[in-house]
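Note that these values count all heavy atoms, side chains included, but never hydrogens, waters or copies made by symmetry. Everything numeric here is computed off the predicted structure, so don't read it as measured data.
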Amino acid sequence: MAGYGTAASRPANGQAPHGGDPERQPLLRKPSSSGPGGGGSSSSVARLRKCLNAELSRDWADLMLLFCYIVTGLLDSASTQVWGAFVSMQTGNTVYVALGIASLIYPPVSPRLYRSGISLLSFCVGSFFFARFHRYFSPKRRWVLCASFVAQLLLTVAAALVVTFTPPPASDDAVDWTVLLPLALVAFQSCGQAVTSRALRHNALTSVVLTSIYCDLFSDQDLFRLDNVERNRRLAAPLLLLAGAVLGGVFSHSSLGILGALWTAAGLKLIMVVIWFFWPAEPEEDED
(Lines give C-alpha, C1' and ligand atoms only; values in the text may rest on other atoms or scores of the structure.)
Protein backbone atom coordinates (compact mmCIF):
# COMPACT_ATOMS: atom_id res chain seq x y z
CA MET A 1 0.00 0.00 0.00
CA ALA A 2 1.32 3.36 -0.93
CA GLY A 3 2.09 5.70 1.89
CA TYR A 4 1.04 9.27 2.40
CA GLY A 5 2.73 11.67 0.02
CA THR A 6 4.07 9.01 -2.37
CA ALA A 7 3.72 9.17 -6.16
CA ALA A 8 1.36 6.22 -6.06
CA SER A 9 -1.24 8.38 -4.28
CA ARG A 10 -2.15 9.94 -7.71
CA PRO A 11 -4.19 8.07 -10.34
CA ALA A 12 -2.35 6.21 -13.08
CA ASN A 13 -3.32 8.74 -15.72
CA GLY A 14 -1.31 11.41 -13.88
CA GLN A 15 -4.31 13.67 -13.19
CA ALA A 16 -5.62 14.60 -9.76
CA PRO A 17 -9.18 13.40 -8.99
CA HIS A 18 -12.17 15.79 -8.94
CA GLY A 19 -10.44 18.65 -10.77
CA GLY A 20 -7.05 18.26 -9.09
CA ASP A 21 -5.50 19.38 -5.84
CA PRO A 22 -6.80 22.84 -4.96
CA GLU A 23 -3.35 23.79 -3.71
CA ARG A 24 -1.91 23.04 -7.14
CA GLN A 25 -4.52 25.09 -9.12
CA PRO A 26 -3.41 28.46 -10.52
CA LEU A 27 -4.68 31.48 -8.67
CA LEU A 28 -5.83 33.20 -11.86
CA ARG A 29 -7.15 31.17 -14.76
CA LYS A 30 -6.86 32.34 -18.37
CA PRO A 31 -10.39 32.89 -19.71
CA SER A 32 -11.57 30.60 -22.47
CA SER A 33 -11.29 32.09 -25.94
CA SER A 34 -14.75 30.79 -26.77
CA GLY A 35 -16.39 32.49 -23.82
CA PRO A 36 -18.00 35.93 -23.74
CA GLY A 37 -15.55 38.67 -24.65
CA GLY A 38 -13.02 36.12 -25.88
CA GLY A 39 -11.78 35.50 -29.40
CA GLY A 40 -15.14 35.96 -31.07
CA SER A 41 -14.68 39.69 -31.61
CA SER A 42 -11.10 39.30 -32.78
CA SER A 43 -12.15 36.68 -35.34
CA SER A 44 -14.89 39.03 -36.59
CA VAL A 45 -12.34 41.80 -37.03
CA ALA A 46 -10.05 39.38 -38.87
CA ARG A 47 -12.86 38.37 -41.21
CA LEU A 48 -13.76 42.00 -41.88
CA ARG A 49 -10.12 42.85 -42.56
CA LYS A 50 -9.84 39.91 -44.95
CA CYS A 51 -13.05 40.99 -46.68
CA LEU A 52 -11.89 44.60 -47.13
CA ASN A 53 -8.44 43.58 -48.39
CA ALA A 54 -9.81 41.07 -50.91
CA GLU A 55 -9.19 41.65 -54.60
CA LEU A 56 -12.55 42.03 -56.33
CA SER A 57 -13.55 39.93 -59.30
CA ARG A 58 -13.67 41.55 -62.75
CA ASP A 59 -16.57 39.32 -63.75
CA TRP A 60 -19.54 41.56 -64.64
CA ALA A 61 -17.69 44.61 -63.29
CA ASP A 62 -18.36 46.29 -66.62
CA LEU A 63 -21.97 46.68 -65.44
CA MET A 64 -20.79 49.03 -62.68
CA LEU A 65 -18.82 51.09 -65.19
CA LEU A 66 -21.83 51.27 -67.48
CA PHE A 67 -23.90 52.45 -64.50
CA CYS A 68 -21.44 55.35 -64.20
CA TYR A 69 -22.54 56.59 -67.63
CA ILE A 70 -25.93 57.47 -66.16
CA VAL A 71 -24.23 59.69 -63.57
CA THR A 72 -22.07 61.30 -66.25
CA GLY A 73 -25.05 62.15 -68.44
CA LEU A 74 -27.02 63.42 -65.45
CA LEU A 75 -24.31 65.78 -64.22
CA ASP A 76 -23.00 66.95 -67.59
CA SER A 77 -26.40 67.88 -68.99
CA ALA A 78 -27.41 69.75 -65.83
CA SER A 79 -24.06 71.54 -65.50
CA THR A 80 -23.99 72.73 -69.10
CA GLN A 81 -27.56 74.02 -68.77
CA VAL A 82 -26.96 75.85 -65.49
CA TRP A 83 -23.20 76.56 -65.28
CA GLY A 84 -22.32 76.56 -68.99
CA ALA A 85 -19.50 74.02 -68.58
CA PHE A 86 -19.05 70.27 -68.57
CA VAL A 87 -17.92 68.43 -65.44
CA SER A 88 -16.92 65.14 -67.10
CA MET A 89 -16.41 65.49 -70.84
CA GLN A 90 -13.32 67.62 -71.00
CA THR A 91 -13.14 67.73 -74.80
CA GLY A 92 -16.06 70.14 -74.73
CA ASN A 93 -14.42 72.18 -71.97
CA THR A 94 -11.20 72.40 -73.99
CA VAL A 95 -13.17 73.89 -76.89
CA TYR A 96 -14.92 76.31 -74.51
CA VAL A 97 -11.56 77.42 -73.10
CA ALA A 98 -10.27 78.00 -76.63
CA LEU A 99 -13.34 80.09 -77.47
CA GLY A 100 -12.84 82.01 -74.23
CA ILE A 101 -9.24 82.78 -75.16
CA ALA A 102 -10.46 83.99 -78.55
CA SER A 103 -12.91 86.29 -76.77
CA LEU A 104 -9.95 88.04 -75.13
CA ILE A 105 -9.15 89.44 -78.55
CA TYR A 106 -12.76 90.30 -79.32
CA PRO A 107 -14.44 91.29 -76.01
CA PRO A 108 -16.58 90.77 -74.06
CA VAL A 109 -14.76 87.87 -72.50
CA SER A 110 -16.89 84.73 -72.27
CA PRO A 111 -17.45 83.45 -68.71
CA ARG A 112 -16.95 79.94 -70.09
CA LEU A 113 -13.23 80.67 -70.19
CA TYR A 114 -13.15 80.62 -66.39
CA ARG A 115 -15.85 78.02 -65.75
CA SER A 116 -14.58 75.48 -68.26
CA GLY A 117 -10.99 76.25 -67.28
CA ILE A 118 -11.74 75.52 -63.61
CA SER A 119 -13.54 72.30 -64.52
CA LEU A 120 -10.70 71.13 -66.77
CA LEU A 121 -8.05 71.93 -64.16
CA SER A 122 -10.00 70.20 -61.39
CA PHE A 123 -10.48 67.09 -63.52
CA CYS A 124 -6.75 66.88 -64.22
CA VAL A 125 -5.83 67.31 -60.55
CA GLY A 126 -8.43 64.73 -59.55
CA SER A 127 -7.02 62.25 -62.07
CA PHE A 128 -3.57 62.75 -60.58
CA PHE A 129 -4.72 61.93 -57.04
CA PHE A 130 -7.26 59.17 -57.78
CA ALA A 131 -4.80 57.29 -60.01
CA ARG A 132 -2.03 57.38 -57.42
CA PHE A 133 -4.41 56.33 -54.67
CA HIS A 134 -5.47 53.24 -56.62
CA ARG A 135 -1.92 52.46 -57.71
CA TYR A 136 -0.44 52.75 -54.22
CA PHE A 137 -3.02 50.63 -52.36
CA SER A 138 -3.76 48.03 -55.10
CA PRO A 139 -6.35 48.96 -57.75
CA LYS A 140 -8.95 46.20 -57.25
CA ARG A 141 -8.91 45.91 -53.46
CA ARG A 142 -12.41 46.14 -51.98
CA TRP A 143 -11.73 48.94 -49.50
CA VAL A 144 -9.88 50.94 -52.16
CA LEU A 145 -12.85 50.89 -54.55
CA CYS A 146 -15.26 51.64 -51.72
CA ALA A 147 -13.09 54.54 -50.50
CA SER A 148 -12.82 55.92 -54.04
CA PHE A 149 -16.59 56.02 -54.47
CA VAL A 150 -17.11 57.36 -50.94
CA ALA A 151 -14.78 60.24 -51.86
CA GLN A 152 -16.79 60.84 -55.03
CA LEU A 153 -19.98 60.76 -52.97
CA LEU A 154 -18.67 63.26 -50.40
CA LEU A 155 -17.44 65.67 -53.07
CA THR A 156 -20.82 65.55 -54.80
CA VAL A 157 -22.62 66.11 -51.49
CA ALA A 158 -20.30 69.05 -50.72
CA ALA A 159 -21.17 70.64 -54.07
CA ALA A 160 -24.88 70.07 -53.41
CA LEU A 161 -24.59 71.69 -49.98
CA VAL A 162 -22.89 74.76 -51.45
CA VAL A 163 -25.70 75.16 -53.99
CA THR A 164 -28.36 74.47 -51.35
CA PHE A 165 -27.20 76.98 -48.73
CA THR A 166 -25.89 79.85 -50.85
CA PRO A 167 -27.95 82.40 -52.76
CA PRO A 168 -28.14 81.92 -56.53
CA PRO A 169 -25.69 83.97 -58.64
CA ALA A 170 -26.75 87.46 -59.57
CA SER A 171 -26.71 86.66 -63.30
CA ASP A 172 -26.22 83.73 -65.64
CA ASP A 173 -22.75 85.03 -66.54
CA ALA A 174 -21.60 85.44 -62.92
CA VAL A 175 -18.19 83.99 -62.11
CA ASP A 176 -18.07 83.82 -58.33
CA TRP A 177 -17.25 81.15 -55.79
CA THR A 178 -20.84 79.92 -55.52
CA VAL A 179 -20.50 78.74 -59.12
CA LEU A 180 -16.81 77.87 -59.40
CA LEU A 181 -16.51 75.89 -56.15
CA PRO A 182 -19.30 73.34 -56.79
CA LEU A 183 -18.19 73.11 -60.41
CA ALA A 184 -14.64 72.29 -59.31
CA LEU A 185 -15.81 69.74 -56.72
CA VAL A 186 -18.00 67.82 -59.18
CA ALA A 187 -15.31 67.87 -61.89
CA PHE A 188 -12.71 66.62 -59.38
CA GLN A 189 -14.82 63.60 -58.43
CA SER A 190 -15.93 62.73 -61.96
CA CYS A 191 -12.46 61.50 -62.91
CA GLY A 192 -12.73 58.82 -60.22
CA GLN A 193 -15.04 56.85 -62.52
CA ALA A 194 -12.51 57.00 -65.36
CA VAL A 195 -9.70 55.88 -63.08
CA THR A 196 -11.86 52.95 -61.91
CA SER A 197 -12.17 51.75 -65.50
CA ARG A 198 -8.36 51.60 -65.64
CA ALA A 199 -8.20 49.78 -62.31
CA LEU A 200 -10.64 47.13 -63.56
CA ARG A 201 -8.92 46.94 -66.98
CA HIS A 202 -11.99 48.02 -68.94
CA ASN A 203 -10.16 50.93 -70.52
CA ALA A 204 -12.86 51.68 -73.09
CA LEU A 205 -15.54 52.32 -70.45
CA THR A 206 -14.20 55.55 -69.01
CA SER A 207 -17.72 57.09 -68.80
CA VAL A 208 -16.28 60.47 -69.84
CA VAL A 209 -16.01 60.09 -73.62
CA LEU A 210 -18.24 58.69 -76.37
CA THR A 211 -16.48 59.56 -79.64
CA SER A 212 -14.10 56.61 -79.52
CA ILE A 213 -16.96 54.30 -78.48
CA TYR A 214 -19.03 55.36 -81.51
CA CYS A 215 -16.01 54.74 -83.75
CA ASP A 216 -15.29 51.30 -82.25
CA LEU A 217 -18.97 50.34 -82.30
CA PHE A 218 -19.63 50.99 -85.99
CA SER A 219 -16.22 49.82 -87.19
CA ASP A 220 -16.63 46.44 -85.44
CA GLN A 221 -16.43 43.69 -88.07
CA ASP A 222 -18.77 41.56 -85.92
CA LEU A 223 -21.31 44.34 -85.42
CA PHE A 224 -24.31 42.16 -86.27
CA ARG A 225 -23.19 38.98 -84.51
CA LEU A 226 -25.56 38.00 -81.71
CA ASP A 227 -23.00 36.97 -79.07
CA ASN A 228 -20.78 40.07 -79.21
CA VAL A 229 -20.03 41.29 -75.68
CA GLU A 230 -17.85 44.23 -76.74
CA ARG A 231 -20.58 45.44 -79.14
CA ASN A 232 -23.14 45.23 -76.34
CA ARG A 233 -20.98 47.35 -74.01
CA ARG A 234 -20.36 49.97 -76.69
CA LEU A 235 -24.06 50.12 -77.49
CA ALA A 236 -25.15 50.35 -73.84
CA ALA A 237 -22.72 53.16 -72.93
CA PRO A 238 -24.22 55.96 -75.10
CA LEU A 239 -27.77 54.80 -74.39
CA LEU A 240 -27.22 54.99 -70.63
CA LEU A 241 -25.51 58.37 -70.92
CA LEU A 242 -28.42 59.58 -73.04
CA ALA A 243 -30.88 58.44 -70.36
CA GLY A 244 -28.91 60.25 -67.66
CA ALA A 245 -28.65 63.38 -69.81
CA VAL A 246 -32.41 63.45 -70.35
CA LEU A 247 -32.91 63.20 -66.59
CA GLY A 248 -30.40 66.00 -66.00
CA GLY A 249 -32.18 68.18 -68.54
CA VAL A 250 -35.50 67.57 -66.82
CA PHE A 251 -33.96 68.61 -63.50
CA SER A 252 -32.32 71.75 -64.90
CA HIS A 253 -35.60 72.97 -66.40
CA SER A 254 -37.63 72.17 -63.28
CA SER A 255 -37.89 74.08 -60.00
CA LEU A 256 -35.24 71.78 -58.51
CA GLY A 257 -32.60 72.92 -60.97
CA ILE A 258 -29.11 71.52 -60.65
CA LEU A 259 -29.81 70.66 -57.00
CA GLY A 260 -31.97 67.76 -58.10
CA ALA A 261 -29.20 66.44 -60.35
CA LEU A 262 -26.53 66.74 -57.64
CA TRP A 263 -28.53 64.98 -54.91
CA THR A 264 -29.63 62.26 -57.33
CA ALA A 265 -26.01 61.70 -58.37
CA ALA A 266 -25.03 61.49 -54.69
CA GLY A 267 -27.70 58.85 -54.13
CA LEU A 268 -26.43 56.83 -57.11
CA LYS A 269 -22.87 57.04 -55.78
CA LEU A 270 -24.07 55.72 -52.41
CA ILE A 271 -25.69 52.76 -54.15
CA MET A 272 -22.40 52.02 -55.91
CA VAL A 273 -20.49 52.10 -52.61
CA VAL A 274 -22.86 49.49 -51.18
CA ILE A 275 -22.56 47.32 -54.30
CA TRP A 276 -18.75 47.43 -54.19
CA PHE A 277 -18.83 46.41 -50.52
CA PHE A 278 -20.78 43.23 -51.35
CA TRP A 279 -19.12 42.54 -54.71
CA PRO A 280 -17.68 39.00 -54.99
CA ALA A 281 -13.94 38.63 -54.53
CA GLU A 282 -11.47 36.84 -56.75
CA PRO A 283 -11.26 33.15 -55.86
CA GLU A 284 -8.30 32.39 -53.63
CA GLU A 285 -5.53 30.28 -55.12
CA ASP A 286 -4.96 26.89 -53.47
CA GLU A 287 -1.70 26.78 -51.60
CA ASP A 288 0.45 23.67 -52.05
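- Leu120 is not connected to Val209 by any chain of hydrophobic side-chain contacts under 4.5 Å among Ile, Leu, Val, Met, Phe, Trp and Tyr, and they are in different clusters.
- The minimum heavy-atom distance linking Leu113 with Val97 is given by the pair CD1-O, 3.7 Å.
- No side-chain heavy atom of Arg198 sits less than 4.5 Å from a side-chain heavy atom of His134.
- In this structure, Asn53 and Arg142 have side chains that are not in contact, with every pair of non-hydrogen atoms separated by 4.5 Å or more.
- Panel note: side chain Asp76, backbone Ser88; a donor-acceptor pair is recorded below 3.5 Å.
- Under the 4.5 Å side-chain criterion, counting only non-hydrogen atoms from C-beta, Pro139 is not in contact with Glu55.
- A continuous path of ILVMFWY side-chain contacts below 4.5 Å connects Ile275 to Val273, so both sit in one hydrophobic cluster.
- Inter-residue side-chain proximity for Phe251 and Leu74 is flagged as met; some heavy-atom pair is nearer than 4.5 Å.
- Remark: Leu223 CG to Asp216 CG distance equals 11.5 Å, nearest 0.5 Å.
- Without hydrogens or angle criteria, Ser116 side chain to Arg112 main chain gives a donor-acceptor distance under 3.5 Å.
- For the pair Arg132 and Phe129, the cation-pi test (distance below 6.0 Å, angle within 45°) is failed.
- Under a cut-off of 6.0 angstrom, the local environment of CZ in Phe67 is crowded, with over 12 non-hydrogen atoms contributed by other residues, nucleotides or ligands.
- To the nearest 0.5 angstrom, Phe277 atom CZ is 11.0 Å from Leu56 atom CG.
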- Task: Decide side-chain contact (heavy atoms from CB on, under 4.5 Å) for Glu230 and Asn228; before the verdict, give the C-alpha distance in whole Å, the side-chain angles of both, and the deciding distance to 0.1 Å.
- Result: CA-CA 6 Å; Glu230 289 295 331; Asn228 188 338; 3.9 Å; yes

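- Rounding to the nearest 0.5 Å places OG of Ser77 at 9.0 Å from CD1 of Ile258.
- Taking both residues in full, the closest heavy atoms of Val186 and Ala159 are given as CG2-CB, 3.6 Å, listed atom of the first, atom of the second, then distance.
- Listed here is the closest heavy atom pair of Arg115 and Trp83: NH1-O, 2.7 Å.
- Counting only distance, with no hydrogens or angles, the side chain of Ser122 and the backbone of Ser119 share no donor-acceptor pair below 3.5 Å.
- Using a 4.5 Å cut-off on side-chain heavy atoms (C-beta onward), Val71 and Met272 make contact.
- For Arg141 (side chain) and Trp143 (main-chain N/O), no donor-acceptor pair under 3.5 Å exists by modelled atom type.
- With hydrophobic clusters built from ILVMFWY side chains whose heavy atoms lie under 4.5 angstrom apart, Val144 shares a cluster with Leu48.
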- Task: Starting from the C-alpha separation in whole Å, work towards a yes-or-no answer on side-chain contact (heavy atoms from CB on, under 4.5 Å) for Val208 and Phe123.
- Result: CA-CA 11 Å; Val208 294; Phe123 186 91; 4.2 Å; yes

- Take Leu242 and Tyr69 through the test side-chain contact (heavy atoms from CB on, under 4.5 Å) and record every step on the way to the result. CA-CA 9 Å; Leu242 180 66; Tyr69 277 87; over 6 Å; no

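- The shortest non-hydrogen separation linking Val109 to Gly100 is CG1-O, 4.4 Å.
- A heavy-atom distance below 4.5 Å is not found between the side chains of Pro238 and Leu241.
- Separation of atoms OG (Ser190) and CG (Leu75) is listed at 8.0 Å; rounding is to 0.5 Å.
- Remark: the Ser148 side chain and the Gln152 side chain contain an N/O donor-acceptor pair separated by less than 3.5 Å.
- Leu205 pairs in a side chain to side chain contact (heavy atoms under 4.5 Å, CB included) with only one of the listed residues (Leu63, Thr196, Leu66), which is Leu66.
- Taking 4.5 Å as the limit, some side-chain heavy atom of Leu200 sits within range of a side-chain heavy atom of Lys140.
- Residues Thr166 and Trp177 meet the side-chain proximity criterion, which asks for heavy atoms closer than 4.5 Å.
- Side chain of Asp173 to backbone of Pro111: no donor-acceptor contact under 3.5 angstrom is found.
- Hydrophobic clustering places Leu65 together with Ile213 (ILVMFWY residues linked when any side-chain heavy atoms are closer than 4.5 Å, directly or through intermediates).
- Between Ala281 and Ala54, the closest heavy-atom pair is CB-CB, 3.7 Å.
- With 3.5 Å as the limit, one finds a donor-acceptor pair spanning the side chains of Thr72 and Gln193.
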- Message: salt bridge (Lys or Arg N to Asp or Glu O under 4.0 Å) for Arg231 and Asp220? Distances and angles first, verdict last.
- Response: CA-CA 8 Å; Arg231 185 272 321 278; Asp220 188 352; over 6 Å; no

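- To the nearest 0.5 Å, the span separating OG on Ser127 from CZ on Phe188 amounts to 8.5 Å.
- The CG atom of Leu155 sits 6.5 Å away from the CD atom of Gln189 when rounded to the nearest 0.5 Å.
- With hydrogens and angles ignored, the 3.5 Å screen pairs no side-chain donor or acceptor of Thr264 with any backbone N or O of Ala261.
- The two residues Val157 and Ala266 make their nearest non-hydrogen contact at CG2-CB, 3.8 Å.
- Ring centroids of Phe137 and Phe133 are separated by less than 6.0 Å, placing the two rings close together.
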- Should Met64 and Trp279 be marked as a side-chain contact (heavy atoms from CB on, under 4.5 Å) after you check the CA-CA gap, both sets of side-chain angles, and the distance that decides it? CA-CA 10 Å; Met64 290 292 288; Trp279 195 265; 3.8 Å; yes

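- By the criterion of side-chain heavy atoms lying less than 4.5 angstrom apart, applied directly or through intervening Ile, Leu, Val, Met, Phe, Trp or Tyr residues, Leu210 is grouped together with Leu235 in one hydrophobic cluster.
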